[in-house]
Amino acid sequence: MIRTMEFDHLEPEVHTALGLTFSFVPDIYNTGAIPLKMHVVYPANAPEGKGYPVLIWICGGGWECCEPENRLTDMALFAKRGYIVCMAEYRISNTAPFPAQIIDVKTAIRFVRANAEKFRADPDRIAVMGDSAGGHLVSLAGLTPDKPEFKGDQWSAVSDRVQAVVDWYGVVDLVAAAKARGADRSAIPPTANLVKLLGGYPQDKMELAREASPIEYVSPSAPPFLILHGDKDTLVPFAQSQALYDKLTAAGVPCDLIIVKGAAHATVEFSQEKLLAAIADWLDENMEA
């Protein structure tokens, strides 16, 4: 059988570059350094003007695992829309407690900005997006530009300020999350997410929990935020996203909240093209050159 196929419309071509090293961090025994990697999906054609805007993706996993390549298919949509998408690793809580994770995220931002010409990127248009634990980290990154306590040694002369944040159902108030666990330590296993992230029981680490809470850093100078949360999420309470939205809008920060009907935590609704396209539309509007 011979068939002829003709296309009325061609989707933009995108390329991938997997496993780029952007940072070296101490290993779990502090005896050497291990690389942190990022995977990049980018438009094939040469950019016009200053360069393509950048979207840095930070994955979830309860701060216990980090597999940014899991969203490779979803991120291709943003590359087709003209974004350079960088999916960056960070140290997990089994390797290092907070603030290692946010230091790594900010290092990734600075690495991309420092190498903007090589990436064909616009260094003045960098957005961050993440889900769950990644949502927590991108919110914290967006609200603490160039905070010395969260700044590592690598690319330290470069700013880690971002121009937009997209938070998918992230924990933004760790103090409230810790208090919700109750005061009884015996009810909290030593392997619990917050225990490993904070390096101890939340009851003993409330000041660190406050330092790790994005909601503590909201100010009128914050970048625009888009927050997404499923109305059936039983893992991260919707109240977390509502509280961040309320505080951002009260401060006069441009902020939109999308409530995803029928979605629980990290469910398939968040991979739907309709939702991803809505995010891309929002980024286009808030990342104008």
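Only a predicted model underlies this, so the values are computations on that prediction, with no experimental measurement involved. The chain is numbered in sequence order, starting from 1.
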Testing the basics here: between Ala177 and Gln240, what is the closest heavy-atom pair and its distance to 0.1 Å? N-NE2, 4.1 Å
Leu208 to Phe98 - nearest heavy-atom pair and separation: CD1-CD2, 3.8 Å
Any side-chain heavy-atom pair from Leu228 and Val166 closer than 4.5 angstrom? yes
Indicate the atoms forming the closest heavy-atom contact of Leu143 with Ala222, along with that distance. CD2-CB, 3.5 Å
Leu244 and Ser241, any side-chain heavy atoms less than 4.5 Å apart: no
From Asn94 atom CG to Ile92 atom CD1, the distance as rounded to the nearest 0.5 Å: 4.5 Å
Where do Glu69 and Met87 land on the side chain to side chain contact (heavy atoms under 4.5 Å, CB included) test, with the steps shown first? CA-CA 7 Å; Glu69 67 277 8; Met87 297 168 282; 5.8 Å; no
Straight-line distance of Asp131 CG to Phe270 CZ, nearest 0.5 Å: 9.0 Å
If you define the side chain from C-beta out and look only at heavy atoms, does anything of Arg71 sit under 4.5 Å from Met129? no
Nearest 0.5 Å, please: how far is CG in Asn115 from CH2 in Trp155? 4.5 Å
Residues Phe238, Asp231; criterion side chain to side chain contact (heavy atoms under 4.5 Å, CB included); working and verdict: CA-CA 7 Å; Phe238 176 76; Asp231 66 351; over 6 Å; no
Side-chain donor-acceptor pair under 3.5 Å between Ser132 and His265, yes or no? yes
Between Asn70 and Glu67, do the side chains contain a donor N or O and an acceptor N or O under 3.5 Å apart? yes
Verify the neighbour count for atom CD of Glu273: are there more than 12 heavy atoms of other residues, nucleotides or ligands below 6.0 Å? no
Measuring only between side-chain heavy atoms, which start at C-beta, is Glu211 closer than 4.5 Å to Phe150? yes
Separation of Leu197 CG from Leu174 CG (nearest 0.5 Å): 6.5 Å
Verify whether one side chain among Gln154 and Ser23 offers a donor that lies under 3.5 Å from an acceptor in the other. yes
Determine whether Tyr90 and Ile103 make a side-chain contact, defined as any pair of heavy atoms from C-beta on separated by less than 4.5 Å. no
Can you pull out every ring pair (Phe, Tyr, Trp, His ring centres under 6.0 Å) where at least one residue sits in residues 44-81? Sequence neighbours excluded, please. Trp57-Trp168, Trp63-His136
Could you pull out all donor-acceptor pairs under 3.5 Å where a side-chain atom in residues 33-47 meets a protein atom, sequence neighbours excluded?
from	atom 1	to	atom 2	distance (Å)
Lys37	NZ	Thr21	OG1	2.8
His39	ND1	Gly19	N	3.0

Applying salt bridge (charged side-chain N to carboxylate O under 4.0 Å, His left out) to Arg81 and Asp281, what does each step give before you reach the verdict? CA-CA 9 Å; Arg81 290 284 295 260; Asp281 290 342; 2.7 Å; yes
Is there a donor-acceptor pair under 3.5 Å between the side chain of Asp256 and the backbone N or O of Leu226? no
Would you say that Glu89 contacts Asp104 through its side chain, given a criterion of any heavy-atom pair below 4.5 Å between the two side chains? no
Minimal non-hydrogen separation, Cys86 against Val54, with atom names: SG-CG1, 4.3 Å
Do Tyr83 and Asp284 make a side-chain contact, defined as non-hydrogen atoms from C-beta onward lying under 4.5 Å apart? yes
Nearest heavy-atom approach of Pro26 to Arg91 is CD-NH1, 3.8 Å
Do Lys205 side-chain atoms and Arg210 backbone N/O form a donor-acceptor pair below 3.5 Å? no
Looking at Val253 and Ser219, what are the two nearest heavy atoms and their distance? CG2-O, 3.3 Å
Side chains of Lys232 and Thr267: any donor to acceptor distance under 3.5 Å? no
Using side-chain heavy atoms (C-beta onward) and a distance below 4.5 Å, is Pro224 in contact with Val165? no
Any donor-acceptor pair under 3.5 Å linking the side-chain atoms of Arg110 with those of Ser156? no
Could Asp160 and Arg113 be called an ion pair, given the rule that one side-chain N must be under 4.0 Å from one carboxylate O? no
Would you please test Phe7 and His9 for side chain to side chain contact (heavy atoms under 4.5 Å, CB included) and show each step? CA-CA 5 Å; Phe7 297 94; His9 171 73; over 6 Å; no
Worked verdict on Val236 versus His229 for side chain to side chain contact (heavy atoms under 4.5 Å, CB included): CA-CA 9 Å; Val236 175; His229 212 118; 3.8 Å; yes
